[in-house]
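Mind looking over this structure? Questions follow.
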Number of protein chains: 2
Amino acid sequence: MYERKIKEDLDCGIVVAMKVFGAKWKPCIIDAISRGIKRPSELHREITSTSPRVIDMQLSELVEYGIVSKKVYSGFPLCVEYSLTETGESIVPILMQLNQWGLKNKGLVKKINDDEPVETSRCLIHA
Amino acid sequence: MYERKIKEDLDCGIVVAMKVFGAKWKPCIIDAISRGIKRPSELHREITSTSPRVIDMQLSELVEYGIVSKKVYSGFPLCVEYSLTETGESIVPILMQLNQWGLKNKGLVKKINDDEPVETSRCLIHA
DNA sequence: CTCCATACGGAATAATTTTTCGGTATACGA
DNA sequence: TCGTATACCGAAAAATTATTCCGTATGGAG
């Protein structure tokens with residue numbers, strides 16, 4: 001586990017919020033779970049733009065923060081299900097609002113970085 | 001200027017939103033400007049937890065994205081004023097909402113990282 | 001001319017996050 | 001026992017972001 005050298009101000013709401021969904025794939029994971037994709041292997045299949053390892057790591061942080069809860073079923077095959085906690089649910093509308101804002105204003109950023117096509121995709125919107 | 005090796009999906013609203021205020025000091029800068037702190041030197045005095053250079057860099061990105069507009073007065077002493085564009089203004093309520101969410105839920109994160117006191121502060125709330 | 005306040009920027013380094021690669025473990029069925 | 005599907009994790013490498021250090025330029029004051 002990586003140990004920070006520069007301390008964070010965990011009394012700042014923004015800092016806290018960013019720890020919870022500021023990472024690259026966390027919004028994507030939260031969104032997927034909110035859409036009913038519960039099992040790790042399903043999430044791995046759903047989010048193909050990054051590796052399973054990355055999903056697992058960010059997911060375990062979300063569990064640690066109490067955003068996602070994890071339920072282990074000891075049947076066969078080995079089965080784990082993730083779901084959003086109440087707190088986790090409360091992020092979803094904010095995430096949607098962020099997404100809306102970004103979609104509305106993406107022209108601002110796009111004018112600047114309009115060189116090459118995109119390889120990875122972590123879009124929340126799944127048509 | 002740093003050139004990315006991994007492309008971003010600039011059609012994803014979240015990605016766009018994060019480019020605009022996902023960086024470490026951007027929320028702080030936007031907040032300060034929205035509170036009427038306009039000049040670079042004022043911002044440097046206001047935000048002491050990072051160096052002027054960092055503020056300048058993140059500020060210039062905000063200008064580039066059209067979130068902040070820059071006005072140069074050629075009097076003496078040399079004077080520059082930043083202000084939020086209309087788009088920039090439209091972020092402020094979202095930022096406040098993020099901050100509120102974080103404040104409400106900071107206990108989740110704090111239980112985990114409660115080792116040492118904080119050195120830096122980038123809190124949006126200035127009592 | 002020198003000094004000061006303002007504003008900005010290059011470039012190296014440090015810190016952090018993301019990615020890759022490979023491994024462990026469990027329980028079942030053939 | 002061996003193979004398979006599930007789920008997870010350590011550690012190094014790569015990529016990205018933040019920080020530090022130091023330099024430039026302008027225009028007025030002394």
Side-chain angles (χ1 to χ4, degrees), chain A residues 1-9 15 18-29 33 37-64 68 70-82 113 119-122, chain B residues 1-9 15 18-29 33 37-64 68 70-82 113 119-122:
Chain A
M1 167 82 181
Y2 178 71
E3 186 169 345
R4 287 196 148 274
K5 297 186 180 173
I6 299 174
K7 296 293 175 198
E8 295 170 302
D9 183 355
V15 172
M18 285 304 170
K19 282 192 84 69
V20 167
F21 54 82
K24 191 167 180 182
W25 301 99
K26 280 176 188 168
C28 209
I29 293 169
I33 294 176
I37 300 172
K38 294 176 167 299
R39 299 185 55 187
S41 53
E42 286 177 335
L43 287 163
H44 297 161
R45 274 192 294 274
E46 171 76 11
I47 305 169
T48 55
S49 300
T50 189
S51 67
R53 176 71 173 127
V54 174
I55 297 172
D56 291 347
M57 281 190 303
Q58 306 215 344
L59 201 41
S60 75
E61 274 186 42
L62 291 172
V63 171
E64 196 182 22
V68 166
K70 175 180 176 178
K71 193 166 184 183
V72 182
Y73 298 92
S74 45
F76 178 79
L78 185 53
C79 175
V80 172
E81 276 186 10
Y82 293 100
N113 314 40
E119 290 157 22
T120 69
S121 172
R122 52 179 174 128
Chain B
M1 168 83 183
Y2 177 72
E3 186 169 346
R4 286 196 150 275
K5 296 186 181 173
I6 299 175
K7 296 295 174 197
E8 295 170 302
D9 183 356
V15 172
M18 286 304 171
K19 282 193 83 69
V20 167
F21 55 82
K24 191 167 180 182
W25 300 100
K26 280 176 187 168
C28 209
I29 293 169
I33 294 177
I37 300 172
K38 294 176 168 296
R39 299 184 55 187
S41 53
E42 286 177 335
L43 287 164
H44 296 161
R45 274 191 295 273
E46 171 76 11
I47 304 169
T48 55
S49 299
T50 189
S51 67
R53 177 70 173 126
V54 174
I55 297 172
D56 290 348
M57 279 191 303
Q58 305 215 345
L59 201 41
S60 73
E61 273 186 41
L62 291 173
V63 171
E64 196 182 22
V68 166
K70 175 180 176 179
K71 194 166 183 181
V72 182
Y73 297 93
S74 44
F76 177 79
L78 186 53
C79 175
V80 172
E81 277 186 10
Y82 293 100
N113 313 41
E119 290 158 21
T120 68
S121 171
R122 53 181 174 125

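Here is the naming used below: chain letters follow the sequence lines, and residue numbers restart at 1 for every chain.
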Sugar-phosphate, base or nothing in reach of B:Val54, heavy atoms under 4.0 Å: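 Touches a base.
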N/O (side chain, A:Lys24) to phosphate O (OP1/OP2, C:dT19) under 4.0 Å: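 Answer yes for this pair, as a side-chain N or O of A:Lys24 is under 4.0 Å from OP1 or OP2.
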Inter-end axis angle, the helix from C:dC1-D:dG30 to C:dA30-D:dT1, with every axis fitted to five base pairs (rounded, 10 degrees):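 The angle, to the nearest 10 degrees, is 30°.
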Start and end of the DNA chain D segment that chain A contacts, any atom under 4.0 Å from a heavy atom: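 First-to-last contact on DNA chain D, by the 4.0 Å heavy-atom rule, is D:dT6 to D:dA11.
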Test side-chain contact (heavy atoms from CB on, under 4.5 Å) applied to B:Val54 and B:Ile47, step by step: CA-CA 10 Å; B:Val54 174; B:Ile47 304 169; over 6 Å; no
Side-chain N or O of B:Ser41 closer than 4.0 Å to phosphate OP1/OP2 of C:dA7: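 It does, given that an N or O in the side chain of B:Ser41 lies less than 4.0 Å from OP1 or OP2 of C:dA7.
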Pairwise 5' ranking along DNA chain C for B:Met57 and B:Glu42, keeping only the more 5' one: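 Residue closer to the 5' terminus by nearest nucleotide: B:Glu42.
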C:dA12 phosphate, OP1 or OP2, under 4.0 Å from B:Tyr2 side-chain N/O: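 For B:Tyr2, the contact criterion (side-chain N or O under 4.0 Å from OP1 or OP2 of C:dA12) is not met.
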Protein-nucleotide distance (B:Glu61, atom CD; C:dC8, atom P), rounded to Å: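 These atoms are roughly 15 Å apart.
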Filtered N/O pairs between nucleotides 23-30 of chain C and protein, under 3.5 Å:
none

Heavy-atom donor-acceptor pair, B:Glu42 side chain to B:Lys38 backbone, under 3.5 Å: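 At least one qualifying donor-acceptor pair exists.
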Under 3.5 Å donor-acceptor, A:Lys26 side chain and A:Lys19 backbone: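 Answer holds: yes.
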Euclidean distance, atom CD of residue A:Glu3 to atom P of C:dA14 [Å, nearest integer]: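 Those two atoms, CD and P, are 19 Å apart.
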Polar side-chain contact B:Arg53-C:dG10 base: donor and acceptor under 3.5 Å: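 Side chain to base: pair present.
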